[in-house]
There are 2 protein chains.
Amino acid sequence: MASPAVRDQDNHNDAENSSMGYCGKAMNKVVEFPRKLKKLGQDDPRRIVHSLKVGLAVLLVSLLYYFQPFYNGLGDTAMWPILTVVVVFEFSVGATLGRGLNRILATFLAGALGFGVHHLANLSGDIAHPILIGIFVFLLAASVTFIRFFPRMKARYDYGLLIFILTFCLISVSGYRDEEILEMAHKRASTILIGAFIAVFVCVFICPVWAGDDLHNSVAKNIEKLGSFLEGFGDEYFKVAGSGESNMAHLQGYISVLNSKQSEETQANFARWEPRHGKFRYRHPWRYYLKIGNLTRQCAYRIDTLSGYLNSEVQTPLNIQNNQVQELCMKMSSESGKALKELAWALKTMTEPCSAASSHITKSRAAANNLKSMLRTNAAAVAGVGGDQVHLLDIVPAVTVASLLSDVVAYAEQIEKSIQKLASFQHMQFKSAERKKPTALTSSKTSSSNVGPHHVITMDRLASLQVQESSKEIGSKFQRIRSAV
Amino acid sequence: MASPAVRDQDNHNDAENSSMGYCGKAMNKVVEFPRKLKKLGQDDPRRIVHSLKVGLAVLLVSLLYYFQPFYNGLGDTAMWPILTVVVVFEFSVGATLGRGLNRILATFLAGALGFGVHHLANLSGDIAHPILIGIFVFLLAASVTFIRFFPRMKARYDYGLLIFILTFCLISVSGYRDEEILEMAHKRASTILIGAFIAVFVCVFICPVWAGDDLHNSVAKNIEKLGSFLEGFGDEYFKVAGSGESNMAHLQGYISVLNSKQSEETQANFARWEPRHGKFRYRHPWRYYLKIGNLTRQCAYRIDTLSGYLNSEVQTPLNIQNNQVQELCMKMSSESGKALKELAWALKTMTEPCSAASSHITKSRAAANNLKSMLRTNAAAVAGVGGDQVHLLDIVPAVTVASLLSDVVAYAEQIEKSIQKLASFQHMQFKSAERKKPTALTSSKTSSSNVGPHHVITMDRLASLQVQESSKEIGSKFQRIRSAV
């Protein structure tokens with residue numbers, strides 16, 4: 001069994017750092033800095049564009065100060081547009097819209113409530129005034145802070161709730177007269193609107209970064225990473241082709257998938273604010289992406305377990321190499337890897353994941369079945385070549401790997417189903433990868449009479465449903481077989 | 001092999017929601033709300049305390065407005081203390097200190113820089129003034145925004161960088177004369193200091209929540225959760241004692257461990273700001289907690305794979321039940337579970353994890369060794385009771401489970417080592433669980449002459465080193481054996 005290969009980069013750094021003094025470290029950091037800056041930009045050039053966009057938005061809002069009439073009209077509240085632009089401008093459109101709307105709504109609501117409370121306190125006389133205000137401020141700040149702990153509120157309205165407390169306190173506490181407050185509220189609201197408008201305008205109309213696109217791509221990319229691992233795993237584990245060179249580095253890509261949950265959820269929350277763009281409509285079913293992401297992570301956990309066997313000090317014993325177990329394991333691994341890559345491609349390009357992925361999954365299933373029947377017939381068969389009886393102990397690693405690979409195949413199947421469910425739930429009409437194939441046409445024609453009259457089912461949709469049905473059938477058969485393996 | 005049991009609560013909710021109209025759903029939410037509020041408070045009563053603390057801090061800062069001399073002195077900048085309190089006050093001391101220091105430092109630095117730029121622009125004449133200011137504002141906003149993408153900067157100084165851009169723009173753009181700016185800067189700085197002081201004071205001196213404590217407890221709690229799973233796993237998998245009742249719900253606790261990375265890293269970043277408190281000194285080696293957390297998660301991935309076998313439709317065949325494989329697997333599972341619980345307890349109470357945890361780990365290792373030698377001697381031995389020859393296929397699930405359990409044992413060992421490393425690196429002097437044991441005293445006396453004169457090694461420390469050494473020895477022996485299983 002594998003020794004756990006702990007992913008630990010810090011130890012290396014520790015050793016490196018301890019060999020030089022503070023001065024050397026500082027020098028090193030200064031020398032490294034431009035290189036790091038360059039890498040940061042190269043990793044995602046949108047970061048550079050975003051930085052320039054923020055600069056532009058701040059510049060635009062600063063220009064307002066040079067229009068004398070505007071500045072004179074606003075007076076001291078002229079700082080709010082700059083503050084709003086800097087605070088609201090985020091990387092993605094969804095995040096910017098979310099913050100902007102949160103800020104505007106919270107300012108309006110809290111302003112109205114604060115004015116009401118202020119007015120009430122004014123009516124109550126000079127002595128009761130501070131007491132009433134104090135009670136209101138305390139109660140509102142405490143209760144809204146408590147509401148911020150709700151996970152759903154925190155995810156979407158955290159900033160709004162903060163601004164709500166802030167504005168309410170500013171308005172209700174301020175010692176102005178009612179008319180002054182109304183004027184101040186009016187100015188503040190209009191300046192915040194101006195700031196938010198500039199931020200949103202620059203964010204949306206100059207090289208926009210859509211959180212929905214990011215989520216879509218990262219979910220697909222994660223599936224692809226798992227596929228790449230599986231494609232390479234068989235060769236690496238059984239060290240075929242006598243190649244001494246290891247491509248372990250290529251097999252580390254999946255690690256980022258393990259901890260992708262939070263970033264996916266954040267992106268989904270941002271994406272909910274975004275209007276229709278590209279292939280995505282407003283209120284696109286983003287939660288299906290989260291489901292697919294969940295499945296991908298669960299598959300990644302199995303793959304992490306599998307990868308532990310790559311670092312095992314003792315490789316599979318020689319006498320079971322070059323035999324059928326190896327061949328079948330490699331087939332399971334590579335076919336499920338190809339299937340995942342096909343699925344990732346289908347998700348990314350929004351085409352239907354019908355034939356290619358299914359055929360790879362069917363092939364990997366078949367390999368699992370073959371392995372199962374081989375194991376059933378005889379333990380000796382596993383020995384392969386010479387027909388020598390092997391110790392049970394010798395085949396344990398291979399059996400465990402086969403068992404884990406079988407789990408991975410099952411997850412690939414689940415991911416396929418989820419992607420098809422996404423395709424059927426969203427109205428965005430996945431394009432069929434194989435449009436206008438005569439067979440698909442005839443089959444849909446013949447079976448369309450069975451479909452109820454109230455359901456508008458396109459040919460693409462029908463084909464997807466059929467694939468789902470057949471995959472379910474195969475799936476349930478496979479389930480019975482697999483669970484016995 | 002197990003069918004992947006997808007953790008999916010949304011489907012259930014979907015079905016529930018679709019059965020009633022919007023009105024019913026809204027009613028439901030209103031009825032549910034107080035129950036949810038109560039649960040939120042019960043889950044962590046510190047949330048209620050925190051909310052009251054925020055209310056108090058805001059109340060305190062509001063009181064300043066009623067001191068007429070103070071208010072008159074500050075004028076329009078009197079809003080800054082409220083703003084600072086609301087924005088800076090966070091749940092934990094570390095987060096509040098971090099935000100407060102970030103805000104204060106960034107305001108000072110950006111204020112100075114902004115003043116310099118403003119002065120420079122003033123010298124350059126009326127026409128060049130707006131151009132110069134525009135160039136500076138654009139460059140600074142863009143470059144600081146880009147720096148915010150550095151993961152390390154984002155983790156610790158994100159808020160400071162934001163405030164830096166904000167303050168710089170406000171100061172440099174404002175159309176005031178130099179003297180006015182100096183006065184404004186002075187007022188702003190003092191009001192921000194007042195706000196930050198009130199926020200930090202209330203946060204630190206009234207029921208403080210330390211991020212370091214949270215990190216410490218959550219890392220220990222996560223290890224304990226894995227231990228609980230492993231203790232229950234054997235019984236549940238082999239369904240012993242003929243009990244039809246399943247305690248699957250108890251075995252789901254580990255799931256939260258899988259996605260704990262981000263929250264642990266956030267807490268560690270906050271903890272770095274915290275001064276000495278309780279058992280932790282300033283600059284406590286928090287990164288060791290992150291390492292232990294990493295190992296815990298990697299162990300959790302194996303456990304997630306294991307848990308897939310609990311939901312398998314086909315349980316282990318009857319003919320291998322009640323045999324030695326089952327017994328050994330159960331022993332491995334329960335002993336490693338106990339070891340993890342001991343380790344969690346040792347970490348939590350800061351006592352040395354020497355004897356109890358080690359003995360459990362040794363026992364689970366011994367079980368793994370026995371299983372290995374049993375598998376080596378004969379496949380037929382696995383059949384157990386009747387001596388009937390079993391198909392290889394029938395024992396695959398049990399073998400896979402045994403193999404995974406062996407991985408888990410190896411991780412338990414790694415976690416033990418990391419906790420001992422934490423104990424030896426930090427100066428906080430883990431209390432020995434078995435103080436004043438005569439054997440420990442004599443052994444430390446006899447071997448102390450071998451230790452170099454420059455190392456001050458306490459008895460506790462020495463005992464821990466010895467345990468480390470012996471565990472290393474056992475570990476390396478075990479490694480050779482385990483890797484063959």
Report yes if some heavy atom in the side chain of B:Asp304 is under 4.5 Å from a heavy atom in the side chain of A:Arg302; otherwise report no.
yes
Rounded distance [0.5 Å steps], CG in A:Leu258 versus CD in B:Gln298
8.5 Å
Could you measure the distance from the CD atom of B:Gln262 to the CD atom of A:Glu265? Nearest 0.5 Å is fine.
10.0 Å
Residue selection (most heavy-atom pairs with chain B, distance under 4.5 Å) from A:Cys169, A:Ser260, A:Ala300:
A:Cys169
Below 4.5 Å, heavy-atom pairs only: which of B:Gly41, B:Ser62, B:Gly55 has the largest tally toward chain A?
B:Gly55
Would you call the rings of A:Phe149 and B:Phe91 parallel, tilted or perpendicular, taking 30° and 60° as the class edges?
perpendicular
Considering only heavy atoms, which portion of B:Arg297 lies under 4.5 Å from any heavy atom of chain A: side chain, backbone, both, or neither?
side chain
Relative to chain A, which segment of B:Lys53 carries a heavy atom at a distance below 4.5 Å: side chain, backbone, both, or neither?
neither
Between B:Trp80 and A:Leu83, what is the shortest heavy-atom contact and its length?
CH2-CD1, 4.2 Å
Pick one of side chain, backbone, both or neither for A:Ile48, based on which atoms fall under 4.5 Å of a heavy atom in chain B.
both
What I'd like to find out is whether the side chain of A:Tyr301 reaches to under 4.5 Å of the side chain of B:Ser307, using heavy atoms alone.
no
Hey, could you give me the OG1/CD1 distance between A:Thr167 and B:Ile82, rounded to the nearest 0.5 Å?
10.5 Å
Quick one: CD1 on B:Ile147 to CZ on A:Arg47, what's the gap to the nearest 0.5 Å?
13.5 Å
At their closest point, which heavy atom of A:Val137 faces which heavy atom of B:Leu59, and how far apart are they?
CG1-N, 4.4 Å
Could you tell me which portion of B:Leu37 (side chain, backbone, both or neither) has an atom closer than 4.5 angstrom to a non-hydrogen atom of chain A?
both
If one checks every heavy atom of B:Leu139 against chain A at 4.5 Å, the contacting part turns out to be neither
State the OG1-CG distance between B:Thr305 and A:Leu306, to the nearest 0.5 angstrom.
8.5 Å
If you define the side chain from C-beta out and look only at heavy atoms, does anything of A:Val58 sit under 4.5 Å from B:Phe138?
no
Which heavy atom of B:Val86 sits nearest a heavy atom of A:Leu162, and at what distance?
O-CD1, 3.5 Å
Distance in Å, B:Leu40 CG paired with A:Phe150 CZ, rounded so as to fall on 0.5 Å steps:
5.0 Å
